[in-house]
Visitor: 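Let me begin by handing over the structure; questions about it come next.
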Amino acid sequence: MERYFQRKSLNLPSNNLGSSNPPSNHLSSSNPPSNNPASSNPPSNNPASSNQPSNNPPTELDEILANLPADPGLRPPMTYYNPNFREQIQRAYLQRGPCQPKSQNDMPQTLMGESNRRFLVKWFDSFVWLEYSKEKDVAFCLHCYLFKCDFDKQGKAGSDVFTEKGFKNWRKGPENFRDHVGQVGSLHNKATQHCTDLMNQKQHVETIVIKQTDQARVNYRILLTAALDCTRYLLRHGLPFRGHDESETSSNKGNYVELLQFLADHDEKVRAVVFENAPGNLKYIAPNIQKELVNSCAIETIDAIIRDIDDAFFSILVDESRDVSIREQMAVVLRYVNKKGQVIERFVGIQYVSDTTSSKLKEAIEQLISSTNLSMSRLRG
């Protein structure tokens with residue numbers, strides 16, 4: 001019953017929302033810039049590329065990831081890459097970590113003023129984002145390199161010393177590094193937060209969407225189950241749903257609303273998703289929603305009766321009467337013997353007829369039988 005009503009009434013956000021699959025950023029059909037130096041390099045021995053099955057040639061993104069330049073002085077700007085590939089490239093660089101040579105002998109000395117100075121390896125211990133290019137003998141910031149393009153769009157990119165040109169004033173290295181980091185809210189700290197969010201799956205946008213979607217599904221199921229429990233109880237006992245006064249100040253809002261309130265008062269999970277805690281368009285107390293709940297119960301009940309009949313012979317009991325609106329109607333009951341040998345009679349519905357002539361009654365009966373997927377060939381009386 002829940003499956004039927006979810007198809008009819010469920011309206012949840014999705015990523016494909018009917019699907020639990022997270023949105024993918026992998027667009028292998030998009031073409032990266034044709035002059036990308038990373039794609040023109042010969043294939044490397046990177047394990048990521050060697051694991052490709054022989055019958056599945058690597059995609060353009062795979063080729064780029066397998067040939068990312070390690071030396072920061074040889075990297076193209078992040079804006080050089082296809083926007084559809086940037087997140088995977090940024091994550092690959094973060095997983096690899098900053099380029100930090102460990103040997104002091106790799107850093108040549110440069111005459112600055114009256115003294116020879118050079119980059120010091122110990123600076124890596126104080127500034128985890130710091131990178132050194134042996135090719136150009138300059139320092140870079142990995143975090144700003146990866147996310148400076150985001151600030152370029154906002155017109156707040158600042159200096160490009162640590163992202164493109166490279167820093168080389170070794171005499172005041174630590175002092176300039178601290179200035180680059182700046183205060184809380186600086187561009188560098190924002191770039192660092194971008195790196196943290198990208199690598200922290202709990203903060204990653206895909207995970208957030210999935211988590212929110214899953215929670216919405218859980219809340220909807222709790223609400224739907226509570227509403228169906230109230231509906232089944234009232235239908236089983238033949239009680240009316242609506243009340244004379246269902247306003248907020250009413251002392252008796254009708255059986256359905258009062259019963260739903262009773263469940264909320266005794267179940268915290270129900271209380272968290274009904275009435276004022278439910279979405280504005282999904283409160284399940286509107287008259288049309290109550291009618292749909294009843295109709296869904298009727299459909300599921302008839303399906304259960306038909307499954308119980310299976311392929312057995314059956315007969316029908318028909319009685320005609322008028323309702324309060326003076327319309328002719330026909331009540332139909334199925335009579336059959338179940339697999340246990342018991343004689344069963346089940347009411348399957350009321351069919352309205354324009355008049356009570358034999359031809360109209362026969363037409364109405366055939367219409368009802370066909371709507372339940374029963375075969376007239378199994379009808380015996």
Visitor: Identify the heavy atoms of Lys190 and Gly185 that sit nearest to each other, and give their distance.
Guide: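 Shortest heavy-atom contact: CE-O, 3.3 Å.
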Visitor: So Val121 and Met107, side chain to side chain contact (heavy atoms under 4.5 Å, CB included) or not? Walk me through it.
Guide: CA-CA 9 Å; Val121 174; Met107 290 72 171; 3.7 Å; yes
Visitor: Following the transitive rule for hydrophobic clusters with a side-chain heavy-atom cut-off under 4.5 Å over Ile, Leu, Val, Met, Phe, Trp and Tyr, establish whether Leu146 and Val161 coincide in one cluster.
Guide: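 Unlinked, Leu146 and Val161 end up in two clusters.
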Visitor: Could you pull out the closest heavy-atom pair between Phe147 and Ala191, with the gap in Å?
Guide: CD1-O, 3.8 Å
Visitor: Looking at CD1 of Ile316 and CD1 of Ile365, how far apart are the two atoms once the value is rounded to the nearest 0.5 Å?
Guide: 4.0 Å
Visitor: Just wondering, do Lys122 and Gln104 contact through their side chains at under 4.5 Å, heavy atoms?
Guide: no
Visitor: With a 3.5 Å distance limit and no angle check, can you tell me whether Glu135 reaches the backbone of Gly73 through a side-chain donor-acceptor pair?
Guide: no
Visitor: Looking only at non-hydrogen atoms, find the nearest pair between Val348 and Ile302 and report the distance.
Guide: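 For Val348 versus Ile302, the nearest heavy atoms are O-CD1, 3.3 Å.
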Visitor: Is any side-chain heavy atom of Pro98 closer than 4.5 Å to a side-chain heavy atom of Val128?
Guide: no
Visitor: Assess whether atom NZ of Lys134 is packed by more than 12 heavy atoms of other residues, nucleotides or ligands within 6.0 Å.
Guide: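 For Lys134, atom NZ is not crowded (no more than 12 foreign heavy atoms under 6.0 Å).
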Visitor: I need the Glu300 CD to Leu228 CG distance, nearest 0.5 Å.
Guide: 9.5 Å
Visitor: Give, for atom CD of Gln329 and atom CD of Gln351, the distance between the pair rounded to the nearest 0.5 Å.
Guide: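 Between Gln329 CD and Gln351 CD, I get 10.5 Å after rounding to 0.5 Å.
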Visitor: Search all heavy atoms of Tyr81 against all heavy atoms of Pro76 and return the closest pair with its distance.
Guide: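 For Tyr81 and Pro76, the tightest heavy-atom pair comes out as OH-CG, 3.4 Å.
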Visitor: Given the side-chain rings of Phe262 and His266, with only the six-membered ring counted for Trp, is the space between their centroids under 6.0 Å?
Guide: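 Under 6.0 Å, so yes.
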Visitor: If hydrophobic residues (ILVMFWY) are linked whenever their side-chain heavy atoms come closer than 4.5 Å, directly or via other members, who joins Val138 in its cluster?
Guide: Phe140
Visitor: State whether the side chain of Asn189 and the backbone N or O of Gln183 hold a donor-acceptor pair below 3.5 Å, judged by distance alone.
Guide: yes
Visitor: Nearest 0.5 Å please: distance from the CZ atom of Arg242 over to the CD1 atom of Ile285.
Guide: 10.0 Å
Visitor: Quick check for you: to the nearest 0.5 Å, what is the distance between Tyr93 atom OH and Glu131 atom CD?
Guide: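 Reported value, rounded in 0.5 Å steps: 8.5 Å.
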Visitor: Charged N to carboxylate O under 4.0 angstrom, Asp310 versus Arg307?
Guide: no
Visitor: Kindly compute the distance separating CG (Leu120) from CG (Asp125), expressed to the nearest 0.5 Å.
Guide: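 It comes to 11.0 Å.
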Visitor: Do Leu239 and Val257 belong to the same hydrophobic cluster, where Ile, Leu, Val, Met, Phe, Trp and Tyr are linked whenever their side-chain heavy atoms lie under 4.5 Å apart, directly or via other members?
Guide: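 Yes; Val257 is reachable from Leu239 via cluster members.
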Visitor: Just grab all the side-chain hydrogen bond (donor to acceptor under 3.5 Å, both in side chains) pairs involving residues 334-344, residues at least two apart or on different chains.
Guide: Asp308-Tyr336, Arg335-Glu345, Asn338-Gln342
Visitor: Quick check on His237: does its NE2 atom have over 12 non-hydrogen neighbours (other residues, nucleotides or ligands) under 6.0 Å away?
Guide: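 Correct, the count exceeds 12.
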Visitor: Within the distance-only criterion (no hydrogens, no angle test), does the side chain of Ser250 pair as donor or acceptor with the backbone N or O of Glu246 below 3.5 angstrom?
Guide: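 Side chain of Ser250 to backbone of Glu246, a donor-acceptor pair under 3.5 Å: no, none is there.
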Visitor: Does a side-chain heavy-atom distance below 4.5 Å link Tyr284 with Phe275?
Guide: no
Visitor: Hey, mind stepping through Arg178 and Phe127 against side chain to side chain contact (heavy atoms under 4.5 Å, CB included) and telling me if it holds?
Guide: CA-CA 9 Å; Arg178 285 188 288 268; Phe127 306 98; 4.0 Å; yes
Visitor: So, do Phe119 and Phe124 have ring centers that fall under 6.0 Å from each other?
Guide: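 Yes, the ring centres sit under 6.0 Å apart.
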Visitor: Has Glu258 got a side-chain atom pairing as donor or acceptor with Lys253's backbone, closer than 3.5 angstrom?
Guide: yes
Visitor: Listed by chain and number, what are the salt bridge (charged side-chain N to carboxylate O under 4.0 Å, His left out) partners of Asp71, not counting sequence neighbours?
Guide: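 Scan of Asp71 (salt bridge (charged side-chain N to carboxylate O under 4.0 Å, His left out), adjacent residues dropped) gives none.
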Visitor: Using the rule that two of Ile, Leu, Val, Met, Phe, Trp, Tyr join whenever any of their side-chain heavy atoms come within less than 4.5 Å, decide whether Val274 and Tyr233 are in one cluster.
Guide: yes
Visitor: With a 4.5 Å cut-off on side-chain heavy atoms, are Gln90 and Leu198 touching?
Guide: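 Yes, their side chains come closer than 4.5 Å.
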Visitor: For Met112 and Trp170, run side chain to side chain contact (heavy atoms under 4.5 Å, CB included): C-alpha distance rounded to whole Å, both residues' side-chain angles, the deciding distance at 0.1 Å, then the answer.
Guide: CA-CA 8 Å; Met112 294 184 177; Trp170 309 136; 3.4 Å; yes
Visitor: List in chain and number order the residues that pass salt bridge (charged side-chain N to carboxylate O under 4.0 Å, His left out) with Asp311, two or more places apart in sequence or in another chain; answer none if no residue qualifies.
Guide: Arg378
Visitor: So, for Leu142 and Gly97, which heavy atoms are closest and what is the spacing to 0.1 Å?
Guide: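 Scanning both residues completely, I find the closest heavy atoms to be CD2-C, 4.1 Å.
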Visitor: Please check: side-chain N/O of Lys172 versus main-chain N/O of Asn169, any donor-acceptor pairing under 3.5 Å?
Guide: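 Absent.
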Visitor: So which atom in Lys360 and which in Val353 form the shortest heavy-atom distance, rounded to 0.1 Å?
Guide: O-CG1, 4.5 Å
Visitor: CD of Glu268: more than 12 outside heavy atoms within 6.0 angstrom?
Guide: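 Atom CD in Glu268 is not packed in, count stays at 12 or less.
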Visitor: Apply the test side chain to side chain donor-acceptor pair (under 3.5 Å) to residues Thr59 and Asp62: give CA-CA distance (whole Å), side-chain angles for both, the deciding distance (0.1 Å), then the verdict.
Guide: CA-CA 5 Å; Thr59 64; Asp62 293 331; 3.0 Å; yes
Visitor: Check whether any side-chain heavy atom of Arg96 lies under 4.5 Å from a side-chain heavy atom of Leu68, and answer yes or no.
Guide: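 Yes; the side chains approach each other to less than 4.5 Å.
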Visitor: Under the criterion side chain to side chain contact (heavy atoms under 4.5 Å, CB included), I'd like the reasoning laid out for Tyr145 against Asp160: C-alpha separation, chi angles, the key distance, then a yes or no.
Guide: CA-CA 9 Å; Tyr145 164 73; Asp160 58 0; over 6 Å; no
Visitor: Heavy-atom count around Phe347 CZ within 6.0 Å, excluding the residue itself: above 12?
Guide: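 Yes, the 6.0 Å shell around CZ holds more than 12 heavy atoms from other groups.
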Visitor: Taking side chain to side chain contact (heavy atoms under 4.5 Å, CB included) as the test, write out the residues that go with Val273, two or more places apart.
Guide: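 Residues passing side chain to side chain contact (heavy atoms under 4.5 Å, CB included) with Val273: Asn219, Ile222, Leu223.
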Visitor: What residues, two or more places apart in sequence or in another chain, satisfy salt bridge (charged side-chain N to carboxylate O under 4.0 Å, His left out) together with Arg271?
Guide: none
Visitor: Evaluate side chain to side chain donor-acceptor pair (under 3.5 Å) for Asn288 paired with Glu292, printing each intermediate quantity in order.
Guide: CA-CA 6 Å; Asn288 63 315; Glu292 291 191 14; 4.8 Å; no
Visitor: Would a hydrophobic clustering, with Ile, Leu, Val, Met, Phe, Trp and Tyr connected at side-chain separations under 4.5 Å, put Leu317 with Val337?
Guide: no
Visitor: Looking at Gln100 and Leu130, would you say the former's side chain and the latter's main chain have a donor-acceptor pair under 3.5 Å?
Guide: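 Checked: pair present.
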Visitor: Determine, using ring centers only, whether Phe167 and Phe177 are less than 6.0 Å apart.
Guide: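 Between Phe167 and Phe177, which both carry aromatic rings, the centre distance is below 6.0 Å.
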Visitor: Heavy-atom count around Arg171 CZ within 6.0 Å, excluding the residue itself: above 12?
Guide: no
Visitor: Between Asn200 and Thr196 (side chain of the first, backbone of the second, donor and acceptor by atom type, cut-off under 3.5 Å), is there such a pair?
Guide: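 Not a single qualifying donor-acceptor pair exists.
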